[in-house]
Undergrad: 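The structure follows.
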Protein chains: 2
Amino acid sequence: MTTISARQNPSPPPAEAAAPGGLDSLAPVSRPTVQDVVYAQLRGSLIQGAIDAGQTLKIRDLAGRLSVSTMPVREALARLVSEGALEALPNRTVRVRPLTRARLDDLERARRLIEGELLAFALPRIAADAAALDRLARLTQAYDELAPPALDASAETADLNHAFHFAIYGAAGSEVLLPIVEALWVQSGPVVRLAAALFPKAEQARATEHHHAIIRAIRAGDAAAARAALGADIGRAFALVRASLPEDA
Amino acid sequence: MTTISARQNPSPPPAEAAAPGGLDSLAPVSRPTVQDVVYAQLRGSLIQGAIDAGQTLKIRDLAGRLSVSTMPVREALARLVSEGALEALPNRTVRVRPLTRARLDDLERARRLIEGELLAFALPRIAADAAALDRLARLTQAYDELAPPALDASAETADLNHAFHFAIYGAAGSEVLLPIVEALWVQSGPVVRLAAALFPKAEQARATEHHHAIIRAIRAGDAAAARAALGADIGRAFALVRASLPEDA
DNA sequence: TTGCGAACTTTGTGATCACAACGTATCGTA
DNA sequence: TACGATACGTTGTGATCACAAAGTTCGCAA
């Protein structure tokens, strides 16, 4: 797997690629730490459903794969557990939360509620912002062009879908709700993976259809229609997974 | 401050207080770790608003106060940061999130939305459960009896208020939304502290009035009225803090 | 053959050490 | 006197070691 260059590695210093011309990026954010990279890596894998539900994660194993010490890994795992993406068993081991019927319903309800609220709040702001509307249109177009050939559980479709939704949610400007929705998406990782694997290829087009409907509703300033389209988009994946749940609960 | 007995302390083993009669508690949960205790301690302090907004927390300082090593403290702090209770500055230091006008509005909106949903979902379940109704009634009664003499920011009133609300929310049975609301309450810690300090003592009675209204609405099966009463209960503290916000934003 | 127990392995948790980055204070110089 | 640079202290982060508890496997006895 990918190797993360640790800070205190015996390897020579990476020389930091000093900005050739200007004042670097002058962004106030400091250089990301190793644990941030580990966290982002695991989070990305979870959000794409790259790790099977129910699988247990071992600190030393992950540390070995990523060529870091156990320290950043355990902190990253702790963060993911507290976000609900992973589950801490009484054995002190952590695993990807398994999908049950009750959890599926619960997740869908939470996402419809909160994402619907963010959409309704963002709607007038986006409608009044030509640049934001343009960005959304370009994202759906990219999604359209990508969908037919590579409609399966590819990382690109997942990323474009994520980008589209969060371009909307971010416009709501809620520092409180946005990270909550991000956490819900991480928890929904196994759902989107299953849904993508289950969908007959012809049906996949419906996803972008919902996106188009959302954009139309935003342009029309119709909050109810936008919320309905978003609900259909969310419910699509959940309905399919729910129908083919192999488990009992 | 309180001292937490660490697992590997040079002190003699605590002998574990073996259950005298039966099979221990036979609960499947393992003994809480040191970091859990540290986390619970900090979380409780935050939820009661015992730590001022904007104050920075230092790992070694807290470790010294609690008589533990830095290890459990940094993990507990990381958990609280990922829950949004604390804020990680680019300096790598963490502090209690300061209250701004925008954040206040944001928090209130999120709480009204999610707690209202949980209440609406729990309402028919509670109405059909005599024991649950009784528990709520007893909690409000305890709150009533406590309110007049010790209405200030005492830990007891905060705990009883917390118990009342989460007795309702827990009945909704949402494993996804419940931890989210818990996180929102931790984030609201400075608000309730400020509100309790600001309220004229005579006005404090209104809090229990909202609780009574919620119970009446539950008994009547009136979801709209229940949601309105809950919204009034939540909005009460926020309105007062908002009116006396010393900050600019 | 099956059930139970002991020894080993695995794995998470806590402690301690080392290091880098940031902030501050103090001293020197213009 | 004021400005700046350097040195020191503080603090977070990562690595490594030590330990306890849970899980696993192997062997022995009924």
Side-chain angles (χ1 to χ4, degrees), chain A residues 3-16 18 24 27-42 55-82 86-95, chain B residues 3-16 18 24 27-42 55-82 86-95:
Chain A
T3 283
I4 301 171
S5 71
R7 188 160 54 121
Q8 301 181 8
N9 254 3
S11 58
E16 187 46 31
D24 225 327
V29 297
S30 52
R31 179 161 53 259
T33 65
V34 178
Q35 82 166 266
D36 288 331
V37 180
V38 173
Y39 168 79
Q41 188 111 4
L42 289 175
Q55 183 174 348
T56 71
L57 301 177
K58 295 166 198 90
I59 293 181
R60 285 178 174 84
D61 175 46
L62 289 173
R65 285 183 200 273
L66 299 171
S67 300
V68 299
S69 93
T70 61
M71 208 61 214
V73 176
R74 59 201 267 193
E75 306 217 353
L77 287 183
R79 282 172 71 179
L80 289 166
V81 167
S82 82
L86 299 176
E87 185 183 23
L89 276 62
N91 316 348
R92 308 264 174 240
T93 65
V94 300
R95 67 170 178 180
Chain B
T3 283
I4 302 170
S5 72
R7 187 159 54 119
Q8 301 179 8
N9 254 2
S11 57
E16 187 45 33
D24 225 324
V29 295
S30 52
R31 180 162 52 259
T33 64
V34 178
Q35 81 166 266
D36 287 331
V37 180
V38 173
Y39 168 78
Q41 188 110 4
L42 289 175
Q55 182 173 349
T56 70
L57 302 177
K58 293 165 199 93
I59 293 181
R60 284 177 175 85
D61 175 46
L62 289 172
R65 284 182 201 274
L66 299 170
S67 300
V68 298
S69 91
T70 61
M71 208 63 210
V73 176
R74 58 201 267 194
E75 307 217 352
L77 286 183
R79 282 171 72 178
L80 290 167
V81 167
S82 83
L86 300 176
E87 184 184 25
L89 276 63
N91 316 347
R92 307 268 173 233
T93 65
V94 301
R95 66 169 179 181

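As a basis for the values below, the full set of heavy atoms in this structure was taken, side chains included, without hydrogen atoms, waters or symmetry mates. Letters A, B, ... are given to chains in the order of the sequence lines, protein chains preceding strands, and every chain is numbered from 1.
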Undergrad: Of the nucleotides C:dA15, D:dG14, D:dG12, which has the atom closest to the B:Thr93 side chain?
TA: D:dG12
Undergrad: May I have the distance from B:Ile59 (atom CD1) to C:dT16 (atom P), rounded to whole angstrom?
TA: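 That distance rounds to 15 Å.
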Undergrad: What integer distance in Å separates A:Leu62:CG from C:dT10:P?
TA: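 Rounded to the whole Å, the gap is 17 Å.
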Undergrad: Might you point out which heavy atoms bring A:Leu42 and A:Leu77 nearest each other, and give the distance in Å?
TA: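 Closest approach of A:Leu42 to A:Leu77: CD1-CD2, 3.9 Å.
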Undergrad: Judged by each residue's nearest nucleotide on DNA chain D, which is more toward the 5′ side, B:Lys58 or B:Met71?
TA: B:Lys58
Undergrad: A:Asp36 CG to D:dG14 C1': how many Å, rounded?
TA: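 A:Asp36 atom CG is separated from D:dG14 atom C1' by 13 Å.
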Undergrad: Reading DNA chain D from 5' onward, which residue's closest nucleotide shows up sooner: A:Arg60 or B:Arg60?
TA: B:Arg60
Undergrad: Using whole Å, what does the distance between atom P of nucleotide D:dC17 and atom CZ of A:Arg74 come to?
TA: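 One finds 14 Å between P of D:dC17 and CZ of A:Arg74, rounded.
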Undergrad: Mind checking if A:Leu57 touches a base, just sugar-phosphate, or nothing, with heavy atoms under 4.0 Å?
TA: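 Sugar-phosphate: the residue A:Leu57, judged by heavy atoms under 4.0 Å, touches backbone atoms but no base.
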Undergrad: Could I get the full list of side chain to side chain contact (heavy atoms under 4.5 Å, CB included) partners for A:Gln35, not counting sequence neighbours?
TA: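 For A:Gln35, the residues satisfying side chain to side chain contact (heavy atoms under 4.5 Å, CB included) (neighbours in sequence not counted) are A:Thr33, A:Pro72, A:Glu75, A:Arg79.
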Undergrad: Within a strict 4.5 Å, meaning less than it, do heavy atoms of the B:Arg65 and B:Gln41 side chains meet?
TA: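 Side-chain contact under 4.5 Å: no.
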Undergrad: In whole angstrom, give the distance that lies between atom CD of B:Gln35 and atom C1' of C:dG14.
TA: 10 Å
Undergrad: What closest approach, in Å, do B:Arg95 and B:Thr56 show between heavy atoms, and which atom pair accounts for it?
TA: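 Residues B:Arg95 and B:Thr56, closest heavy atoms: CB-CA, 3.7 Å.
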Undergrad: Without decimals, in angstroms, what is the distance between A:Tyr39 OH and D:dG14 P?
TA: 15 Å
Undergrad: Under 4.0 angstrom, heavy atoms only, what part of the nucleic acid is B:Glu75 near: base, sugar-phosphate, or nothing?
TA: nothing
Undergrad: Among D:dA15, C:dT16, D:dT16, which nucleotide sits nearest the side chain of B:Ser69?
TA: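 When the side chain of B:Ser69 is considered, C:dT16 is the closest of D:dA15, C:dT16, D:dT16.
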Undergrad: Heavy atoms from C-beta onward define the side chain here; which of C:dG14, D:dA15, D:dT13 lies closest to that of A:Pro72?
TA: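 For A:Pro72, the side-chain atoms sit closest to D:dA15.
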